[in-house]
Amino acid sequence: NAGVMQNPRHLVRRRGQEARLRCSPMKGHSHVYWYRQLPEEGLKFMVYLQKENIIDESGMPKERFSAEFPKEGPSILRIQQVVRGDSAAYFCASSPIRDSYNEQFFGPGTRLTVL
Amino acid sequence: DQQVKQNSPSLSVQEGRISILNCDYTNSMFDYFLWYKKYPAEGPTFLISISSIKDKNEDGRFTVFLNKSAKHLSLHIVPSQPGDSAVYFCAASAHRNSGYSTLTFGKGTMLLVSP
């Protein structure tokens with residue numbers, strides 16, 4: 001059973017471009033969480049999604065950021081018009097049930113660098 | 001406002017000795033605490049957790065202690081091994097009204113275990 005997959009692992013964008021980060025949860029997992037880790041910081045919650053639904057986006061910036069988890073395919077975190085401050089590692093985690101803690105399995109992360 | 005604090009950015013320990021990693025929190029609504037281990041270029045891996053109804057949880061070489069009155073928890077690793085060298089994140093969770101919760105992470109402590 002493959003783990004949580006994220007691609008690309010590294011992404012370089014120039015200011016003003018769009019960044020699309022993909023997360024494929026573990027097989028059988030229908031809950032996806034996105035976290036961001038800025039340099040020298042801990043991981044910060046961004047958004048929690050179930051299939052086709054955004055449950056909690058309280059940690060996501062109101063502008064330029066959006067997330068989706070369609071019925072088919074991976075979850076996508078989209079950042080429009082990237083700025084240097086968006087440079088960070090973005091991790092997604094998946095879980096098989098709604099209210100789980102130790103069962104949140106993390107992917108390897110996407111390291112976004114904005115030039 | 002940092003709700004979960006890991007005040008030691010790094011810790012060096014000799015192989016075979018005990019490693020003690022500390023974590024403080026400020027939000028009294030937190031009711032579940034977790035420790036994650038992270039190697040470079042990988043996602044966090046769940047290590048051990050503790051519910052607020054307990055004050056100790058043990059799993060092999062890893063023990064987590066919770067002092068609710070002091071809002072403090074610690075992770076003990078004994079005996080420490082070189083393979084334990086990693087960044088350790090403390091995380092906390094508070095159930096929300098709708099029955100789910102998200103994780104709040106500390107900044108992490110880098111543990112180096114030398115042979």
Side-chain angles (χ1 to χ4, degrees), chain A residues 2-10 21 23-26 29-50 53-60 67 88-111 113, chain B residues 1-10 21 23-25 27 30-54 57 59 62 64 75 86-110:
Chain A
V4 177
M5 299 178 69
Q6 290 188 249
N7 67 80
R9 294 291 307 273
H10 300 275
L21 289 64
C23 170
S24 296
M26 289 181 70
H29 289 194
S30 58
H31 302 264
V32 167
Y33 311 78
W34 284 94
Y35 294 84
R36 175 167 70 173
Q37 184 183 20
L38 294 169
E40 309 301 323
E41 298 286 328
L43 283 75
K44 291 196 188 307
F45 166 76
M46 297 182 74
V47 61
Y48 164 41
L49 311 101
Q50 294 178 27
N53 290 305
I54 296 175
I55 305 302
D56 183 349
E57 55 183 347
S58 60
M60 201 148 71
Y90 292 81
F91 294 95
C92 84
S94 72
S95 69
I97 58 177
R98 180 186 178 103
D99 197 13
S100 64
Y101 306 96
N102 52 323
E103 291 184 34
Q104 274 193 38
F105 296 88
F106 281 82
T110 294
R111 275 144 190 86
T113 301
Chain B
D1 178 32
Q2 191 110 39
Q3 298 187 63
V4 176
K5 298 178 184 178
Q6 293 178 258
N7 291 321
S8 298
S10 62
L21 295 96
C23 178
D24 297 291
Y25 62 95
N27 188 342
F30 287 144
D31 57 4
Y32 202 86
F33 304 89
L34 307 89
W35 285 92
Y36 281 84
K37 178 180 179 179
K38 185 180 179 305
Y39 292 116
E42 294 185 12
T45 303
F46 168 76
L47 199 56
I48 193 170
S49 62
I50 188 167
S51 166
S52 60
I53 62 173
K54 293 185 175 181
N57 189 25
D59 183 3
F62 303 91
V64 56
L75 173 68
V87 177
Y88 289 79
F89 289 99
C90 171
S93 175
H95 277 79
R96 303 195 182 187
N97 292 335
S98 52
Y100 74 93
S101 57
T102 58
L103 300 178
T104 301
F105 284 83
K107 291 188 178 183
T109 296
M110 181 179 291

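Everything numeric here is computed off the predicted structure, so don't read it as measured data. Chain identifiers are assigned alphabetically (A, B, ...) following the order of the sequence lines, protein sequences preceding nucleic acid strands; residue numbering begins at 1 within each chain.
When heavy atoms are compared at a cutoff of 4.5 Å, Q6(A) does not approach chain B at all.
Here the closest non-hydrogen pair linking F91(A) and G43(B) is CE2-CA, 3.7 Å.
You'll find the side chain of L103(B) stays beyond 4.5 Å of the side chain of Y33(A), heavy atoms only.
For N7(A), the side chain to side chain contact (heavy atoms under 4.5 Å, CB included) partners at least two apart in sequence or on another chain are R22(A).
Q104(A) CD to T102(B) OG1: the interatomic distance, rounded to the nearest 0.5 Å, is 8.5 Å. To the nearest 0.5 angstrom, Q37(A) atom CD is 11.5 Å from K107(B) atom NZ. Atom CZ of F105(B) and atom CZ of F45(A) lie 11.5 Å apart (nearest 0.5 Å).
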